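Here the structure is laid out as structure tokens; the discussion comes afterwards.
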Amino acid sequence: MHEIVPGLLHAPGYLSRAEQEELVANLREAVKTAPLFTPRMPRTGKEFSVRMTNCGPLGWVSDAKGGYRYQSTHPDTGALWPAIPALALRAWHDLSPYKHLPEACLVNFYDAAARMGLHQDRDEQDFDAPVVSLSLGDTCLFRIGGTQRKAPTRSFKLQSGDVMMLSGPARLAFHGVDRIMAASSTLLPQGGRLNLTLRRVSSAAPASP
Ligand code: SIN
Ligand code: MN
């Protein structure tokens, strides 16, 4: 495992090819009940270039009216989200020192033209919990900066089977996906990249005595 910047841990090739295929099969099942949807920016309603879905008790959604938020139901179907795949939970157990389980597993699908602008993950209550990310399919160029938008950034590649964790000083670092390297992986027959991010949403602070 490499520490690319303090708090950003990268484990290349964490998932074997067979495990990557299992996870893709799990996600194919998941999208039968929780189809990919196109989120929209708060206020402007501009569409994201990625499509998304979620697994777990909570899912991250965004639209013009309600903005960024977590909710227990799919924004189009109103159904509860499917369960988080076991291999994704294993990654959380292997990497995260946090004492509670993740509540959300955001699934982003990038086609060759999709990208994600620099942003912070800050819709969760307890930033002591890390964000654990799994990459499947085409390689991407991932960008990481500091906790201020204007801080210097650096980029590195995330490949199919890699796991990464944003924790400690990198938990609130600005990050994004600059581009997808089309046809760099054979995992997804139609190409593209899937990214799963596991997040603990509620603080689960013990009730005071
Ligand atoms: C995200 O920040 O939500 C996704 C990051 C990634 O696709 O690697
Ligand atoms: Mn993010």
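What you see is a predicted model; the values in this text were computed from it and never measured. Ligands are counted one by one from 1 in listed order, and the atoms in each one are counted from 1 as well.
L87 and L95 fall within a single hydrophobic cluster, where Ile, Leu, Val, Met, Phe, Trp and Tyr side chains are chained together by heavy-atom contacts under 4.5 Å.
Residues passing the salt bridge (Lys or Arg N to Asp or Glu O under 4.0 Å) test with D76: none are found, sequence neighbours excluded. In this view, K150 satisfies the side chain to side chain donor-acceptor pair (under 3.5 Å) rule with no residue, not counting sequence neighbours.
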CA sep, side-chain torsions, deciding dist, call: R200, D128, side chain to side chain contact (heavy atoms under 4.5 Å, CB included): CA-CA 9 Å; R200 176 73 196 188; D128 285 344; over 6 Å; no
Verdict with reasoning, R69 to D63, per salt bridge (charged side-chain N to carboxylate O under 4.0 Å, His left out): CA-CA 9 Å; R69 62 197 187 275; D63 54 34; 3.0 Å; yes
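One finds the CD atom of Q20 at 9.5 Å from the OG atom of S135 (value rounded to the nearest 0.5 Å).
Remark: R171 fails to qualify as a cation-pi partner of F127 under the 6.0 Å distance and 45° angle criteria applied to the six-membered ring.
Of all protein atoms, those of element N, O or S that lie under 2.8 Å from the Mn ion (ligand 2) number 3.
Sorted by chain then number, the residues whose non-hydrogen atoms approach ligand 1 to under 4.0 Å are N108, Y110, M116, H119, F142, H175, V177, R193, N195, R199.
Using a distance-only test at 3.5 Å, with no hydrogens or angles considered, a donor-acceptor pair links the side chain of N54 to the main chain of W60.
For the residue pair R179 and S155, no side-chain donor N or O sits within less than 3.5 Å of a side-chain acceptor on the partner.
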